[in-house]
2 protein chains.
Amino acid sequence: MTLVESMNPRTGEPAGAGVSETPPAELNSTLSLAKSAAKRFATESLSGRIALLRAIAKKLDDRADELIPLADSETGLGKARLTSEIARTTGQLRHFAEVIEEGSFLEATIDTPAPNGKPVPRPDLRRQLEPLGPVLVYAASNFPFAFSIAGGDTASALAAGCPVVVKAHEGHPELSRRTGEIISSVVADQNLPAGVFTVIFGQSAGRDAVVDQRIRAAGFTGSTTGGRALFDLATGRVDPIPFYGELGSINPTVVTRAATRARGSDIATEFVNSFTMGTGQFCTKPGLLFLPVGHNLESALAEAVSAVPAAPMLNNRIAESYAQISAEISAHPSVRSLISPRLHTEPGAWGVPSLFVTSAENFTEAADRLAEECFGPSSLIVEYASTHELINALQSIEGSLTATIHGEQSDVQAMAPVLDVLRPRAGRLIWNGWPTGVAVSWAMQHGGPWPSSTNPLHTSVGATAVRRWMRPVTYQAFPHDLLPEALQDGNPLGIPRRVDGAMRR
Amino acid sequence: MTLVESMNPRTGEPAGAGVSETPPAELNSTLSLAKSAAKRFATESLSGRIALLRAIAKKLDDRADELIPLADSETGLGKARLTSEIARTTGQLRHFAEVIEEGSFLEATIDTPAPNGKPVPRPDLRRQLEPLGPVLVYAASNFPFAFSIAGGDTASALAAGCPVVVKAHEGHPELSRRTGEIISSVVADQNLPAGVFTVIFGQSAGRDAVVDQRIRAAGFTGSTTGGRALFDLATGRVDPIPFYGELGSINPTVVTRAATRARGSDIATEFVNSFTMGTGQFCTKPGLLFLPVGHNLESALAEAVSAVPAAPMLNNRIAESYAQISAEISAHPSVRSLISPRLHTEPGAWGVPSLFVTSAENFTEAADRLAEECFGPSSLIVEYASTHELINALQSIEGSLTATIHGEQSDVQAMAPVLDVLRPRAGRLIWNGWPTGVAVSWAMQHGGPWPSSTNPLHTSVGATAVRRWMRPVTYQAFPHDLLPEALQDGNPLGIPRRVDGAMRR
């Protein structure tokens with residue numbers, strides 16, 4: 001039986017005994033379990049779903065002392081970061097419980113009959129969102145809690161009432177197995193069928209599952225290449241399914257001349273902190289920093305980068321890819337290395353920060369190469385001589401999760417045309433902040449135009465992430481006893497509903 | 001220059017001089033106009049968009065006397081139906097104006113800062129939906145107003161703030177050109193750029209447009225084959241775009257034994273009326289009627305069908321396809337013809353109603369063939385001996401726009417398991433009604449699981465159809481002067497907003 005084996009990136013040694021890949025027969029029974037659990041779970045009361053999410057959150061918090069060292073041994077992300085990430089993950093589960101509790105996510109809508117409607121009478125119509133069925137989640141490597149087994153896709157799909165099959169990431173199989181066991185034990189505690197939550201292992205199982213008729217939607221966080229291949233499988237099915245991929249992102253960050261003048265050295269420090277955080281393995285890493293020509297920050301930047309020690313990367317493949325891509329950028333004729341890429345020769349998978357500079361003009365010409373995501377602790381400074389040059393350069397960038405402006409109050413008006421170029425290119429626009437750090441809240445948007453995601457209408461973080469796993473169903477002139485609770489007269493669930501066009505509770 | 005030429009289906013004679021196909025150079029300039037109009041239109045005030053939709057509705061109503069005969073000469077749908085359809089179409093434009101006025105469609109959401117947030121502080125976050133950019137709409141043949149140039153996709157995309165490029169249907173080019181001219185004149189009257197609305201002609205232009213980078217989403221109403229081919233082009237792009245196809249639908253209708261007993265002959269009459277309405281050319285046509293064995297309605301049904309005269313179909317291709325598919329069903333070994341398909345030998349494209357019968361058992365076995373949509377005035381009666389047989393048969397059906405139950409009050413409890421089979425298979429569930437007739441309202445859902453649509457999360461009719469053309473954008477810690485109006489302090493637009501999780505106005 002083939003094993004999924006992880007490595008301790010600090011040492012290069014195996015991080016555990018490995019986990020068996022899910023063989024086809026087991027995958028088949030897993031998917032059947034998920035399918036048969038779907039009907040039962042869809043009719044689970046909202047309070048049952050809330051209890052499930054809160055119980056998972058509690059048990060993960062309770063087991064943090066066991067899970068954090070396990071995660072650290074497989075990812076090398078360090079105790080501080082992982083402690084914060086597990087809190088974010090359980091906070092996210094609890095946030096989705098609140099979203100269910102509030103009730104708007106059902107989009108309950110009632111049109112009372114209009115027997116004299118023109119041109120035709122209108123019957124009683126009642127609409128709500130209902131769960132799509134079993135959801136396949138592809139775990140990411142870079143957030144072993146927040147975008148993995150118990151991450152946002154899992155939490156939002158469970159909140160929607162869909163069974164979840166998570167394909168574990170190859171980078172942290174032991175943690176995945178253990179996290180999965182914990183969630184499954186909570187599912188059992190809550191008297192829900194085991195098929196409500198399962199974990200599968202191995203790329204072959206992951207590919208087979210996305211084309212299986214029992215899977216009704218899929219979520220993915222990872223590379224553009226990997227996500228695109230799975231997106232093509234999902235949309236190429238005889239019965240295509242929604243596929244929500246959160247892929248690569250370059251996250252352009254613009255600094256105005258006034259901001260450079262007012263607080264250039266703070267910006268330099270914060271920038272280096274942001275792009276090297278988590279060894280640069282954030283999908284929101286600022287990969288491009290636009291600075292005005294004559295910014296005078298080179299030495300501050302170089303000093304800050306030099307002060308960042310080599311740090312473990314998630315695995316060998318990522319470390320090698322980072323080394324290769326950063327070397328390519330460094331060798332690009334239009335690029336000068338402020339801090340050249342260096343190899344770390346000790347065992348394990350280590351990444352050393354690097355930083356590059358180019359001009360806006362050169363960047364615009366070579367954007368197909370220079371505006372591509374380099375996963376790891378490096379970034380590219382693009383020097384612009386005028387707003388015209390800046391705008392030209394920004395126009396050569398594809399879709400991104402985020403776009404940021406650092407400006408002073410005096411810049412606000414002048415930044416309007418720059419914002420006009422950034423707005424169609426990003427899902428989240430940031431003023432005087434850094435894109436790393438994605439709050440879990442009602443107003444968050446984590447997703448953007450291609451290639452940052454496969455569908456710009458959706459988010460993988462925040463309250464509305466639930467909507468990806470639900471579809472509208474309208475009941476026309478239905479007997480009251482057959483209506484779902486959310487649509488019954490008297491609003492027994494006490495949720496916000498739209499009645500004849502107006503919101504009511 | 002190749003012409004798109006229509007035929008009068010009543011006579012087989014040309015219905016007009018024909019309209020030139022859009023050559024590649026003209027398509028290119030059309031798409032550039034749409035792209036450059038997108039930015040201007042996206043920042044048009046909501047009142048400007050409302051005025052546009054209402055002015056289009058008014059002008060189409062004003063020109064009804066010109067448009068209806070033109071539509072009739074190209075589609076043969078008759079004056080009464082077309083009069084009602086134009087009213088539905090202009091009512092739909094006005095409905096979307098109301099949707100904009102109400103303001104919820106922007107989904108304005110504000111999270112105030114939480115500087116002491118755990119595990120990390122939360123910045124000020126403000127989210128709204130923004131237009132995606134130029135939308136490509138493929139007009140349908142069967143609703144020359146309501147699902148064509150000025151139809152629901154166009155109305156909802158304009159409401160969303162997206163420029164629209166409509167690919168005219170080959171079946172009614174003269175009407176399409178004229179309707180397009182009327183809309184374009186209103187766009188000019190409203191001082192909006194011409195690129196806000198354009199019409200293109202010819203299948204080649206239609207295929208080229210969907211893979212063009214300037215098009216950001218597409219809507220389609222038509223056949224499963226045609227829609228699937230365009231869906232594959234849209235999702236296969238280097239930069240995939242959302243493609244909303246409303247495709248084929250069989251619309252199963254179940255009649256209980258008690259309903260058959262109580263009002264069988266009314267049901268028979270209403271059923272025949274529903275499946276022959278518009279010569280059976282509705283995507284919501286009831287293509288399957290499940291009757292209990294021993295229903296005793298054969299003669300009533302046969303009589304009702306015989307009383308429906310031959311009627312023009314939309315064009316030769318559809319008439320020929322109807323003749324062929326109904327002949328195939330008639331020849332199927334499991335099927336008996338209650339009213340055999342007959343050819344109408346006079347010139348033009350005529351359809352004669354037909355009706356078939358099979359058993360639930362045979363249906364279940366041959367569902368891959370018998371549960372396929374036959375576009376035209378025919379339907380299949382499936383006789384079931386037990387609820388078990390009924391459920392088995394229903395389980396063999398794919399996704400549909402609608403599913404209907406005719407039952408008595410005494411059936412309500414017994415129908416719960418039948419509803420459980422229908423619910424995952426349909427977007428709209430109907431009790432004691434007929435699926436033909438789709439109200440334009442807040443609670444409508446027109447869309448369903450594959451193959452009835454390419455994306456079950458969305459509707460092509462009703463208020464939420466707007467959402468297909470919008471994507472969320474979050475503004476983080478933004479200067480007030482750069483925030484969109486909908487997200488500014490004090491709620492200057494006076495729209496419903498979610499603030500820190502709670503709905504407010």
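Chain identifiers are assigned alphabetically (A, B, ...) following the order of the sequence lines, protein sequences preceding nucleic acid strands; residue numbering begins at 1 within each chain. Computed from a predicted model, the values in this text were never measured in an experiment.
- Counting heavy-atom pairs under 4.5 Å between each of A/G236, A/S441, A/P121, A/G437 and chain B puts A/S441 at the top.
- A pairwise comparison of heavy atoms in A/P451 and A/L247 identifies O-CB, 3.1 Å as the closest pair.
- No other option in A/D111, A/T109, A/T235, A/L482 has as many heavy-atom pairs under 4.5 Å with chain B as A/D111.
- Side-chain atoms of B/R428 never come within 3.5 Å of backbone atoms of B/G448 as a donor-acceptor pair (strictly under, hydrogens ignored).
- Put simply, the side chain of B/T454 gets close to the backbone of B/F243: a donor and an acceptor are under 3.5 Å apart.
- Only the backbone of B/R237 comes within contact range of chain A, with at least one heavy atom under 4.5 Å from a heavy atom of that chain.
- With hydrogens and angles ignored, the 3.5 Å screen pairs no side-chain donor or acceptor of B/T474 with any backbone N or O of B/L125.
- For a residue to count as touching a neighbouring chain, one of its non-hydrogen atoms must lie under 4.5 Å from one of that chain's; by this rule B/W450 touches chain A with the side chain only.
- Legend: salt bridge (charged side-chain N to carboxylate O under 4.0 Å, His left out) pairs involving residues 458-467 of chain A, not counting sequence neighbours, sorted by first then second residue: A/E107-A/R467, A/R467-B/E107.
- Per-residue counts of heavy-atom pairs under 4.5 Å with chain A were compared for B/Q445, B/M415, B/R122; the largest is that of B/Q445.
- Of the two parts of A/T43, neither the backbone nor the side chain holds a non-hydrogen atom closer than 4.5 Å to a non-hydrogen atom of chain B.
- Only the side chain of A/L419 comes within contact range of chain B, with at least one heavy atom under 4.5 Å from a heavy atom of that chain.
- Of the atoms belonging to B/P456, heavy atoms from both backbone and side chain fall under 4.5 Å from chain A.
- In this structure, A/N455 contributes its side chain and A/Y244 its backbone to no donor-acceptor pair below 3.5 Å.
- Remark: the backbone N or O of A/V238 is paired with a side-chain donor or acceptor of B/R228 at under 3.5 angstrom.
- For chain B, the option among A/M503, A/M444, A/H446 with the highest count of heavy-atom pairs below 4.5 Å is A/M444.
- Only the backbone of A/M470 has a heavy atom closer than 4.5 Å to any heavy atom of chain B.
- Most heavy-atom pairs under 4.5 Å with chain A: of the set B/A108, B/P449, B/A42, B/A217, this distinction falls to B/P449.
- The closest donor-acceptor contact from the side chain of A/R214 to the backbone of A/S36 lies at 3.5 Å or more, if one exists at all.
- With hydrogens and angles disregarded, no donor-acceptor distance shorter than 3.5 Å links the side chain of A/D239 to the backbone of A/Q213.
- Comparing A/S104, A/G117, A/G133 by heavy-atom pairs within less than 4.5 Å of chain B, the highest count is held by A/S104.
- The candidate from B/E85, B/R126, B/Q128, B/K39 with the greatest count of non-hydrogen atom pairs under 4.5 Å with chain A is B/K39.
- Contact detail for B/R468 and B/T459: the closest heavy-atom pair is NE-O, 3.2 Å.
- Considering only heavy-atom pairs separated by less than 4.5 Å from chain A, the leading option among B/E130, B/E102, B/R498 is B/R498.
- Comparing B/A502, B/A463, B/P240 by how many heavy-atom pairs each has under 4.5 Å with chain A, the most go to B/P240.
- Among A/A477, A/G433, A/P472, the residue making the largest number of heavy-atom pairs under 4.5 Å with chain B is A/P472.
- Using a 4.5 Å cut-off between heavy atoms, B/D420 contacts chain A through its side chain alone, with no backbone atom that close.
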When you look at A/D124 and A/F478, which way does the side chain to side chain contact (heavy atoms under 4.5 Å, CB included) test go after all the steps? CA-CA 8 Å; A/D124 181 283; A/F478 246 61; over 6 Å; no
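- The two residues A/I110 and A/L487 have their closest heavy-atom pair at CD1-O, 3.8 Å.
- Heavy-atom distances place both the backbone and the side chain of B/R88 under 4.5 Å from chain A.
- Using a 4.5 Å cut-off between heavy atoms, A/A114 makes no contact with chain B at all.
- For A/L132, the part lying under 4.5 angstrom from a heavy atom of chain B is the side chain only.
- Using non-hydrogen atoms only and a strict 4.5 Å limit, the part of residues 398-413 of chain B facing chain A consists of B/V412.
- Contact tally against chain A (heavy-atom pairs below 4.5 Å) for B/G462, B/P242, B/G447, B/A426: the top residue is B/A426.
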